[in-house]
Amino acid sequence: MPSHNLTSGLNQSQLDAVTHQTGPLLVLAGAGSGKTRVLTHRISYLIAELGISPYQILAITFTKKAAQEMKERVGALVGPRAQTMWVSTFHSACARILRTKAGLLGYDSNYNIYDQADSKTLTKETLLSLGLDGRNAGMYQSLISRAKNEDKDPLVFAEELRDSNSLVPPQFEDAYRRYEQLKRSNNGMDFDDLLCNIVKLFEISEETLIEYQNKFQHVLVDEYQDTNPVQNKLIIQLAKEHRNICVVGDPDQSIYAFRAADIKNILQFENNFPDVTVIPLEQNYRSTQIILDAANSVIEQNHRPYAKNLWTDGEMGDQISSIQVFDEKDEAEEVGREIRKIQDLQKYALDDIAVFYRTNAQSRALEEVLTRNKIHYKVIGGLRFYERKEIKDALAYLNVLNNPQDDLSLERILNEPTRGIGKGAREILKKYKEEKGFNNLYEVLLQSQSNENIKVEIGGKEKQLSAGALKGVKKFLKAYLSIFEMVKHDLSLLQSPETTSKSLSILNEHGYICPQRALSHLLIETEYLESLEKSGDPITNATRIENLSELLGAADDDQYKQDLNVHEELSDVEPNHMKAVTLFLNNSSLTDSSEDHEGGSVSLMTLHSSKGLEYPSVFIMGMEDELFPFPRAIFEDGGLDEEHRLAYVGITRAENNLYFTHAHKRTLHGQTTYNIPSRFIGYIPERLITHRKSRKFESEMSSRMNQRSNFGSRLGGVQAWSNSKLGEDSDKSNVDQIGLKVGDNVNHDMFGDGVIVKLEVNEYEAIATINFADEGQKTLDLSWAPVTKI
DNA sequence: ACATCTGGCCGCTAA
DNA sequence: GGCCAGATGT
Ligand SMILES: Nc1ncnc2c1ncn2[C@@H]1O[C@H](COP(=O)(O)OP(=O)(O)OP(=O)(O)O)[C@@H](O)[C@H]1O
């Protein structure tokens with residue numbers, strides 16, 4: 001491999017980082033400075049120039065998609081051998097190691113992975129079994145998760161919280177223990193366990209630790225600013241001997257504190273690796289000067305002793321366009337119109353355009369408009385494919401096949417579709433399990449089909465499964481038992497050498513159960529598909545069935561053959577027909593899939609999901625002070641700083657054009673608020689922005705002003721205000737001119753008496769936050785709202 | 001004993 | 001808009 005490929009297109013600092021030989025390396029650099037490019041080239045350099053085997057490299061990215069891309073890019077530089085590299089997220093890498101080593105921790109290697117929703121369900125079950133209110137499951141679950149990600153024992157964590165006067169329910173300890181116990185007996189691991197269990201494994205088994213330290217001669221991590229303590233510990237474990245650790249990141253882009261990410265991991269990297277070489281990158285290759293200046297003016301709000309000056313030799317570029325719109329519908333329309341304009345001018349392809357927002361709920365309005373206008377789009381993140389109900393149901397069916405100990409998955413689908421196994425029946429089955437010492441519900445189901453009656457005493461009464469429930473169980477089990485019949489049958493066929501995979505009913509030629517065949521068998525035999533078609537709204541059903549066929553497509557084991565070979569370390573001693581199924585499930589639970597539209601599409605995503613990406617044209621919606629910064633963040637410790645970083649991330653995704661939209665009025669969570677533009681817009685120097693208002697906003701406002709001259713006279717001075725488009729011709733403060741100020745007591749026709757706590761006036765509006773005695777805090781437009789001074 | 005429907009409650013960001 | 005508990009219907 002000629003080396004100029006590896007080192008061309010790099011500046012001197014980048015080159016230094018790429019060709020750094022051994023020992024710890026930290027690339028600490030701002031947005032768009034080529035950190036990811038350095039990582040990709042460095043990996044290629046290690047392989048092509050230093051003769052490191054791809055198999056000895058572990059590269060960690062933030063998302064699966066980023067991993068995919070990195071693999072492709074390295075593949076383009078060094079050829080197909082890149083395929084054997086481990087490039088994945090922390091979670092995927094841990095899951096992969098645990099597939100072979102779970103036994104050392106007392107798990108089966110075909111353990112199932114629980115996502116957050118599963119964990120919450122299990123937590124809820126835990127709480128109910130302890131006689132507690134199941135509605136608090138979310139809070140318990142997030143405490144447990146938080147502790148694990150902070151690399152703390154949840155029991156210790158709870159004590160610490162109580163010591164610092166935080167409220168932790170007294171039953172937390174019991175609930176946590178029981179949760180762990182249930183999880184263990186299901187042979188399941190939650191997302192956080194994937195990380196913790198690896199750290200634990202490396203602690204209890206020096207042999208395993210050494211094995212992986214030796215295997216991964218080079219460890220590289222992207223987006224290090226968003227690692228949490230347990231991930232940091234894992235990196236230290238792996239790299240502390242050979243110290244070939246390269247991490248890259250930008251402290252100003254740390255936006256996952258809610259997931260326990262800790263900026264200290266990157267800022268204090270030196271503490272763990274004292275001989276680290278630190279290479280800063282200061283040239284930005286992505287954005288125009290204007291965009292870069294805007295980003296800097298936002299991030300400068302933070303205290304950043306580590307700050308470096310990021311520069312570009314690119315052009316000034318276009319000004320940022322800030323559009324004031326009337327409400328969220330108007331906002332969507334306006335963004336749609338601008339996208340149309342870009343298309344009409346053939347300025348960019350749809351693929352070059354992205355729209356970001358603070359919360360997932362904001363995408364809906366835009367999706368409707370884009371669909372109506374036939375502008376293709378894809379939502380990145382959001383309700384993920386693998387989080388949809390029908391997909392989770394289908395995977396639960398496979399989970400039970402893969403690991404029948406998994407009561408959580410079993411319970412999910414035992415009565416889905418309904419087959420007469422209701423709450424009462426489930427209670428009987430569970431009680432029976434406990435009393436007779438069965439390991440899992442699946443065994444109880446099997447037992448129920450023998451002659452023995454399933455009888456238990458509940459509340460002093462003898463109860464047994466109803467005939468209907470029994471029949472339902474039978475049908476349910478038949479779907480599974482018939483799979484084992486088919487396996488037996490196929491195995492006998494496999495004895496004969498002329499058997500082809502075509503004549504097999506469920507196995508593939510390697511003797512693995514084909515996930516696709518198994519899944520479609522289960523969905524048909526259990527009448528899941530049939531009942532889905534019949535139930536509810538036909539449009540939803542059609543998409544659900546479409547989703548399921550997509551899942552089935554992904555479960556085609558052709559796609560897994562390659563993986564089955566790559567994962568040679570998965571090869572167990574005993575024959576395991578489930579290998580392909582296990583692998584499929586493993587991939588599914590950790591995947592962030594999203595389909596592509598040919599002909600291009602606009603990308604819609606949260607600001608969080610935008611990290612690491614870049615687009616020539618970027619829209620940021622909802623630039624309002626009631627939304628971004630997110631109000632709750634303002635009260636959290638360091639919350640506002642993190643919002644600044646989030647804005648910084650969003651702005652720096654843009655290459656050439658950046659648009660902000662902010663709505664005067666927004667209905668979110670069924671509550672209507674009146675908003676002022678985000679303070680973030682205010683941080684950006686005026687010379688970088690052009691402001692305009694949507695037509696809808698203009699027309700709504702002028703019709704209100706007309707009405708106001710009739711009805712609005714209750715407010716002192718409002719008459720003068722409406723007659724003279726205030727703010728343009730006056731040096732008198734607007735606040736004076738409506739005759740109200742912060743601290744004034746007012747009365748509202750509906751909300752009663754209150755006091756103004758915040759007031760912002762411009763030429764069109766007077767947005768006030770009023771603390772009402774009875775109704776709490778509300779934000780209103782005083783130029784419109786029925787408010788009088790008292 | 002189950003299934004289905006309705007109204008109240010709650011809502012950020014995510015592997 | 002989605003989830004859940006409780007009421008109502010079979
Ligand atoms: N030396 C270079 N010459 C030209 N273009 C470069 C150079 N280095 C990087 N780039 C380009 O700059 C852009 C940003 O690079 P990259 O995504 O690697 O930056 P980053 O530091 O990871 O950004 P961020 O942290 O904002 O995600 C990419 O389009 C990349 O191709």
Side-chain angles (χ1 to χ4, degrees), chain A residues 60-67 88-95 113-117 119-121 124 128 133-135 137-139 142 145-146 148-149 189-195 223 226-228 230-231 254-261 356-365 380-384 386-389 415-428 458 463-470 472 531 535-536 540 588-592 605-611 622 626-634 636 639 642-643 645-646 649-650 667-671:
Chain A
I60 301 290
T61 57
F62 198 69
T63 64
K64 265 201 123 164
K65 207 168 140 214
S88 65
T89 61
F90 273 105
H91 294 265
S92 297
C94 291
I113 298 173
Y114 294 156
D115 70 11
Q116 192 188 18
S119 303
K120 198 176 153 193
T121 308
K124 185 177 162 187
L128 293 177
D133 189 344
R135 282 174 300 186
M139 177 219 174
S142 70
S145 173
R146 183 91 205 180
K148 289 181 179 176
N149 281 300
M189 295 193 202
D190 64 30
F191 270 5
D192 313 313
D193 290 337
L194 296 175
L195 305 172
E223 310 278 14
D226 271 324
T227 53
N228 57 39
V230 69
Q231 292 167 337
S254 174
I255 53 176
Y256 283 89
F258 69 89
R259 217 170 83 184
F356 305 152
Y357 33 79
R358 179 63 237 263
T359 68
N360 278 307
Q362 287 169 257
S363 74
R364 176 160 279 117
I380 300 189
L383 179 59
R384 283 169 183 66
Y386 286 99
E387 290 169 2
R388 288 165 204 209
K389 180 192 181 311
N415 202 33
E416 185 69 57
T418 55
R419 43 175 86 86
I421 312 170
K423 213 175 133 173
R426 284 203 294 279
E427 211 173 320
I428 294 169
I458 292 176
K463 300 207 175 185
Q464 66 172 315
L465 279 188
S466 69
L470 221 46
S531 80
S535 72
T540 330
S588 315
S589 28
L590 298 165
T591 287
D592 53 4
M605 70 195 85
T606 60
L607 287 150
H608 283 90
S609 300
S610 77
K611 190 172 58 134
E626 310 295 321
L627 190 60
F628 189 33
F630 200 76
R632 273 173 66 176
I634 297 174
E636 281 160 23
E642 180 132 325
E643 297 293 300
R645 292 193 290 267
L646 194 52
V649 167
T667 307
L668 205 65
H669 325 300
Q671 266 239 65

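Residue numbering restarts at 1 for every chain, and letters A, B, ... go by the order of the sequence lines.
Counting only heavy atoms from C-beta outward, the side chains of Met605(A) and Lys611(A) never approach each other to under 4.5 Å. Considering only heavy atoms from C-beta on, Ile421(A) comes within 4.5 Å of Arg426(A) through its side chain. Ile60(A) places none of its side-chain heavy atoms less than 4.5 Å from the side chain of Gln231(A). Side-chain contact check for Arg135(A) versus Lys124(A): every heavy-atom pair is 4.5 Å or farther apart.
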Exercise for review: Give the C-alpha distance, both sets of side-chain angles, the deciding distance and a yes or no for side-chain contact (heavy atoms from CB on, under 4.5 Å) between Leu627(A) and Gln362(A).
Suggested key: CA-CA 10 Å; Leu627(A) 190 60; Gln362(A) 287 169 257; 3.4 Å; yes

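A straight line from CG of Asp133(A) to P of dC3(C) spans 18 Å, rounded to a whole angstrom. Look at CZ on Arg135(A): it is 15 Å from P on dG8(B), rounded to the nearest Å. Note: CD1 (Ile113(A)) to C1' (dA15(B)) measures 11 Å, nearest angstrom.
Put simply, CZ on Phe258(A) and CG on Asn149(A) are 11.0 Å apart, with the number rounded to the nearest 0.5 Å. With values rounded to the nearest 0.5 angstrom, Asp192(A) atom CG is found 9.5 Å from Arg259(A) atom CZ.
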Practice item. At under 4.0 Å between heavy atoms, which parts of nucleotides 9-14 of chain B does protein reach? Answer with one letter per nucleotide, 5' to 3': B base, S sugar-phosphate only, - none. Key: --BBBB

For nucleotides 1-5 of chain B, print each protein N/O atom paired with a nucleotide N/O atom at under 3.5 Å, atom names and distance only.
| unit_1 | atom_1 | unit_2 | atom_2 | d |
| --- | --- | --- | --- | --- |
| dA1(B) | OP1 | Lys463(A) | NZ | 3.2 |
| dC2(B) | OP1 | Ala425(A) | N | 3.2 |
| dC2(B) | OP2 | Gly424(A) | N | 3.0 |
| dA3(B) | OP1 | Gly420(A) | N | 2.9 |
| dA3(B) | OP2 | Asn415(A) | ND2 | 3.0 |

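Separation of the Phe628(A) and Phe630(A) ring centroids does not fall under the 6.0 Å cut-off.
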